[in-house]
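If you scroll down you'll find the structure; I have some questions about it.
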Amino acid sequence: MKDFLKFTLATVTGIILSSIVLFIIGMVTLFGIMAASDTETIVKKNSVMILDLNGTLVERTQEDPLGILSQLFNDDSNTYGLDDILSSIKKAKENEDIKGIYLQANSLGTSYASLQEIRNALLDFKESGKFVIAYADSYTQGLYYLSSAADKVLLNPKGMIEWRGIASTPLFYKDLLQKIGVEMQIFKVGTYKSAVEPFIATEMSPANREQVTTFISSIWSQVTEGVSASRNIPVDSLKAYADRMLMFYPAEESVRCGLADTLVYRNDVRDYLKRLVDIDEDDNLSLLGLGDMINVRKNVPKDKSGNIIAVYYASGEITDYPGSATSEEGIVGSKVIRDLRKLKDNDDVKAVVLRVNSPGGSAFASEQIWYAVKELKTKKPVIVSMGDYAASGGYYISCGADTIVAEPTTLTGSIGIFGMVPNVKELTDKIGLSYDVVKTNKYADFGNIMRPFSEGEKALLQMMVAEGYDTFITRCAEGRHTTKEAIEKIAEGRVWTGEAAKELGLVDELGGIDKALDIAVAKARVGGYTIVSYPEKKDVLSSLLDTKPTNYVESQLLKSKLGEYYRQFGLLTNLKEQSMIQARVPFELNIK
């Protein structure tokens, strides 16, 4: 017994000491990574910026402490901030020791509007006389569109270029829901408001097919015209190549058709770059990754005027209050209105660029944010810069700005409202679950999903949706300085590209966030200024303390494993948390 206690005590002591040592090692490693991430990058002569795209693109990244730990365990999933990429390209243009950009196009989950913004930044970079070289083992269509802006497009001899046109392939859940005994009760206004179609149909309605055909054709036109201008290939030829599906031909055919310049293996690209910067093959080539470029100092003196041009990022689904994994990643109405009020009351802030990248969401939260933007506009100019999406609720929160700027391939409009409530009576009947009710008034049990709505309840909900639509139309008419009748003609829930929206008066200018900033500075009428992004990014330690492990597992690990199917998974798991009345585009557009 004495020996047992001795060995047990020794084991417990060993475990405690090992835990302490591992904790100390972990903290030293963590703080080492934090310190390294804050160290200024020293740029060597004849350096090349490498833009290695292999992951997912978001508007801006936050410090991710669990992501840092995942790096220690060789998790190769990457998330890039569009803001980091654009600022890094601009710094590479200004730095004399950086001779060019090497774009390594692997795979990037994003939409064409973001690709167009990066592409325009690369075209601007080339005006400095520096080179842009692109390479991929195989190009996805989106990354080929981006890479076509390069001086030279390099392709692996056994690789291929995906060039096939654009398609939209939405999923429909009606039969699935019917099999399990769930009926979606729909209330909507707008012929083109197709967000509800996946739950009540098995194919696109004629109106939805019309609008989808129009906007994917517009996006494809932007893509082909951009590639045509950069590669000097007629648009008609590019369309013919898409119909041929060159990706199934030997790589030499892509070179012959002018889509690529040279076939080269990945191992030989570095020597190719060395020749461009005029260094010997035996010398080391200084490559600066995105993480290095973030810590490169800008070649501009620090402004001392105290004037601030604020860029406020509103990205993701619009929700009323925080609580779910989805809302933590999106636009939480209660938080945004608080932040915009602070910007309104800050006298140092002379103008605000509201960067909107949202498919919409809660109609109630959209109205609250619209009002906050209206109040902000009484004190200082508000310029909206639209990202991939600024549709439905995303347009709702944008329409009151002084000026709206969108990329030609941005998806916007979708001015409409809908309500969606499930009825699970058939499901409960199948599994033998029943319910009873005692109530004091006619509608006391309103919203009970165990039964279908009565005719009176349907009329009330439809009246509420119609009133919400009328309010939405009114807000748009006020913001765009036109009549409700004029807005109604282009509303009905129809989705437009930024290019079409400008012609219709829903958008003022075409361009990216730099265009919006130029307009904001002009309207603010300031000489010196500093651009400050909001909400303020949390540092690693704050993020570590605030991160909920369960939400991280769902939103990060599942995202990396499910890939493009994560959005559908998120839709199914978060249906119960959706606001009853929605202003949003279809839950999943599936544009490829």
Side-chain angles (χ1 to χ4, degrees), residues 37-38 40 57-64 79-92 94 110 113-114 117-118 121 290-291 293-300 302-316 328-332 335-358 369 372-373 376 379-388 390 394 397-398 401 403-405 407 511-521 523-524 526 528-543 546:
S37 66
D38 293 332
E40 181 185 342
L57 186 70
V58 296
E59 279 292 318
R60 66 199 295 239
T61 55
Q62 290 284 352
E63 294 287 359
D64 181 6
T79 300
Y80 308 97
L82 177 62
D83 58 336
D84 290 333
I85 290 177
L86 296 178
S87 65
S88 294
I89 293 173
K90 186 174 294 186
K91 283 190 282 189
E94 296 168 351
T110 186
S114 290
E117 193 151 8
I118 299 172
L290 190 59
M293 291 301 303
I294 291 171
N295 292 322
V296 171
R297 183 181 296 177
K298 293 182 179 179
N299 290 343
V300 291
K302 187 174 181 179
D303 177 71
K304 298 180 181 179
S305 66
N307 298 325
I308 293 174
I309 302 296
V311 178
Y312 189 89
Y313 286 86
S315 180
E328 288 183 3
E329 296 176 355
I331 303 170
V332 181
K335 180 180 186 303
V336 173
I337 60 177
R338 182 172 63 248
D339 291 345
L340 294 184
R341 184 173 64 246
K342 290 179 180 178
L343 292 177
K344 176 174 74 76
D345 295 338
N346 187 339
D347 292 334
D348 291 333
V349 175
K350 304 303 181 184
V352 176
V353 172
L354 180 61
R355 175 70 174 187
V356 178
N357 192 357
S358 173
I369 297 172
V373 172
L376 175 61
K379 295 287 291 289
K380 53 204 67 176
V382 179
I383 313 301
V384 162
S385 170
M386 293 180 169
D388 295 325
I397 69 177
S398 303
T403 305
I404 299 176
V405 181
E407 290 287 356
I513 194 168
D514 284 345
K515 181 78 169 280
L517 282 166
D518 290 341
I519 295 172
V521 171
K523 285 184 176 291
V526 292
Y529 61 90
T530 300
I531 298 172
V532 180
S533 296
Y534 298 89
E536 184 178 354
K537 289 186 178 182
K538 298 177 182 178
D539 57 33
V540 175
L541 189 58
S542 298
S543 297
D546 293 342

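Note that the structure is predicted; figures quoted are calculated from it, not measured. Counting from 1, the numbers follow the sequence of the chain as shown. Both backbone and side-chain heavy atoms feed into the values below; hydrogens, waters and symmetry mates do not.
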OG-CG distance between Ser87 and Leu290, expressed to the nearest 0.5 angstrom: 7.5 Å
Distance (rounded to the nearest 0.5 Å) between Ile404 CD1 and Leu354 CG: 10.0 Å
4.5 Å side-chain heavy-atom contact, Leu82 and Val58: no
Which side-chain N or O atoms in residues 307-314 pair as donor and acceptor under 3.5 Å with protein atoms at least two apart or in another chain?
from   : atom 1 : to     : atom 2 : distance (Å)
Asn307 : ND2    : Ser305 : OG     : 3.4
Asn307 : ND2    : Gly528 : O      : 3.1
Tyr312 : OH     : Asp339 : OD2    : 2.7

Rounded distance [0.5 Å steps], NZ in Lys344 versus CG in Leu376: 8.0 Å
Salt bridge (Lys or Arg N to Asp or Glu O under 4.0 Å) partners of Lys515, counting only residues at least two apart: Glu509
Val352 and Ile383: CA distance, side-chain angles, deciding distance, side chain to side chain contact (heavy atoms under 4.5 Å, CB included) verdict: CA-CA 6 Å; Val352 176; Ile383 313 301; over 6 Å; no
Interatomic spacing from NZ in Lys380 to NZ in Lys523 - rounded to 0.5 Å: 15.5 Å
Pair Asp83 + Arg355: basic N to acidic O under 4.0 Å: no
Distance in Å, Leu57 CG paired with Ser114 OG, rounded so as to fall on 0.5 Å steps: 5.0 Å
Within 6.0 angstrom of Lys90 NZ, more than 12 heavy atoms from elsewhere: no
CG-CD1 distance between Leu517 and Ile531, expressed to the nearest 0.5 angstrom: 4.5 Å
Pairwise side-chain contact, Ser358 with Glu59, heavy-atom cut-off 4.5 Å (strictly under): no
Pairwise side-chain contact, Glu117 with Thr110, heavy-atom cut-off 4.5 Å (strictly under): no
